[in-house]
**Student:** 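This is the structure I have questions about; it appears just below.
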Number of protein chains: 2
Amino acid sequence: MLNGSELVKPAIRTRVEEAIKSLNYIPHDAARSLASRRTKTLGAILPTLNNAIFAEGINAFERTARDKGYTLVLSISNYDLDDERHLVRKMIERGVDGLLLIGNDHHPDSFEGLRQAGVQHVCAWTHVPDPPAANVGFSNAAAMVDLIDHLVAFGHRRIGMLAGLTAANDRARERVHGARKRLADHGLALPDERVMEIPYSVRAARQAFPKFAEHAVTALVCGNDVIAIGVLLEALKRGVCVPGDLSITGFDNLTLSGELQPAITTVEVLAETMGASAANLLINALEDHRPVESLQLPTRLVVRETTGPAPI
Amino acid sequence: MLNGSELVKPAIRTRVEEAIKSLNYIPHDAARSLASRRTKTLGAILPTLNNAIFAEGINAFERTARDKGYTLVLSISNYDLDDERHLVRKMIERGVDGLLLIGNDHHPDSFEGLRQAGVQHVCAWTHVPDPPAANVGFSNAAAMVDLIDHLVAFGHRRIGMLAGLTAANDRARERVHGARKRLADHGLALPDERVMEIPYSVRAARQAFPKFAEHAVTALVCGNDVIAIGVLLEALKRGVCVPGDLSITGFDNLTLSGELQPAITTVEVLAETMGASAANLLINALEDHRPVESLQLPTRLVVRETTGPAPI
DNA sequence: CTGAAAGCGCTAACAA
DNA sequence: TTGTTAGCGCTTTCAG
């Protein structure tokens, strides 16, 4: 009997497998989810897809998730925390097993809903000492240290910053804070009038550029590479010599930043690693039934051609 | 009694709604899907997210779908049709109500699986006379007509093409076909040795550029703007005058193409409209229980500064 | 118009 | 080990 069953089993298995193939059976995930109480789905809410750096990160997140049998549900918040709140709720209804958020700035309801529903989540693209949820990312503030030191070493004293919109964006805010703090360490100031906030767009950066002429800065720290590219292009167009008359720095190290001429000095961010790690940490936490671990990733100053000695 | 019930109803409704709020009730989509046999989910399989043009399209697709109550499930195929086949199957298991695919090049199993499962789908970014599924897009071949005419009008006779990889990419193939066909209309040839295929990357384009020196072309038609940007940057670096010594054209009209100096002559593609339309057509078909309609969108030649008279 | 009951197609717990 | 059964939380159908 035992032998019998062992002999029959493979035969039956084969027949079943044949049947599955020939009938072209496709399992029904909704039924499976309802019965097993897990969806094998990971959600991600990004502020935008227009920035190549997020595209790269989500790409890695999706690939990693897929390799482990998870599917990606994606939503875009357009940097609107109120909209994001609704998206978070939708994600919970959807029954995502885990959720990826960008940054630590979120509506209290978002965190509360996630907690109540018991949905694991991680906030990427940032890493701070006391995060409201697990952080997988880098310190946006600390990343400015080497950058500012580099500029100061070149003799820059009057530095301006063309930052991203900081209102609903802790990363942008941290970059300003980080720059200001490090300048203070050098006994230098970054007064409010020399900090301007604009959307992350080439066009906005070009338009904003002339405003800095009046401030006579010798170096312009940009909130990210998109802004830096806009500034560089506009400076070149106006005959401003870079870095002769003006030094420019970016943030993110987009592919293009290294290709332009002059190539842009910037901060490298490990977008791919962040995306992949976020997925891995989320999935590990899910499978082991424990909280998501935080992970701090390094940044690296990439010195290229848009920074040089301050003009006298 | 009738009156009574009508009086009681609102009261009850109010109480229920209160209960819903106070208990923080969240509906369970998997159960709903299982019972209603629809998931209110749209799938999308993109070849990549690295190209800003796809990011823009999927952005619009997601927003449109969300506005109509649908959620986006996203996968990336990395231009691999075999991988895509598995992703399609996953999408079917996931129970997506509708699916967005890019281009008409797909594994036969993909189409067959979709048909068998009765999953509505649409192929975007292309529009051909006899598509294997509904097409929401533009004619990649016809888009080259104005472009080639423009070049020929400038006196160009020896034209080369730096195309994308055509093997699993009907859009890239159509662009080559379209260019060659229109050149033939002018009595000009685009021989194979003057067509080179490379991945859509700035780096690859820069490396490929020198190969065209030997062919002494006066104009280089690029498969997309990413390639055109690479070619432009490399030409400038080598002291090649654009468009004095060489005319360059792109395809897609990325934001950046209009910002560089010289600004790139290219073909505008309505990525946002395509994404939004794909979602709308898919959803309309789903709700009205009829096949997905095709939609042809126009392209437009954007003449800028990288094209000019052929050198003598 | 309201309310009860029967599944949707799976998984998981349990019995044999 | 294998087979059976009871739900998972909704929608939908069918009485009332």
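Everything quoted here is computed from the prediction, not taken from an experiment. Residue numbers begin at 1 in each chain, while the letters A, B, ... track the order of the sequences.
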**Student:** Quick one: pull up CD in B/Glu287 and CG in B/Leu282 and give me the separation to the nearest 0.5 Å.
**Tutor:**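 B/Glu287 atom CD to B/Leu282 atom CG measures 10.5 Å (nearest 0.5 Å).
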**Student:** Are A/Arg37 and D/dG9 close enough that a side-chain N or O sits under 4.0 Å from OP1 or OP2?
**Tutor:**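 Checking D/dG9 against A/Arg37, a side-chain N or O does come within under 4.0 Å of OP1 or OP2.
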**Student:** Cut-off 3.5 Å, side chains only: do A/Glu84 and A/His106 have a donor facing an acceptor?
**Tutor:** yes
**Student:** Could you give the CD1-to-C1' distance, from A/Ile26 to C/dC8, as a whole number of Å?
**Tutor:** 18 Å
**Student:** Atom NE2 of A/His28 and atom C1' of D/dC10: how far apart are they, to the nearest Å?
**Tutor:**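 Atom-to-atom, A/His28 to D/dC10, this comes out as 13 Å.
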**Student:** When you get a sec, tell me which of D/dC10, D/dT12, C/dG9 is the closest nucleotide to the side chain of A/Ala35?
**Tutor:**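 Looking only at side-chain atoms, A/Ala35 lies closest to C/dG9.
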**Student:** With DNA chain C as reference, determine whether B/Leu34 or A/Ser33 sits nearer its 5' end, using the nearest nucleotide of each.
**Tutor:**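 Looking at the nearest nucleotide for each, B/Leu34 comes out on the 5' side.
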**Student:** Under 3.5 Å, is there a donor-acceptor pair linking the side chains of B/Ser75 and A/Glu62?
**Tutor:** yes
**Student:** Report the nucleotide, chosen from D/dT12, D/dG9, C/dC10, that has the shortest atom-to-atom distance to any side-chain atom of B/Ala31.
**Tutor:** D/dG9
**Student:** Would one find a side-chain N or O of A/Arg32 under 4.0 angstrom from OP1 or OP2 of C/dT11?
**Tutor:**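 Indeed, a polar side-chain atom of A/Arg32 lies that close.
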**Student:** Do the side-chain N and O atoms of A/Thr41 and A/Arg94 include a donor-acceptor pair separated by under 3.5 angstrom?
**Tutor:** no
**Student:** Return the value, rounded to whole Å, for the distance between atom CG of A/Asp29 and atom P of C/dC8.
**Tutor:** 18 Å
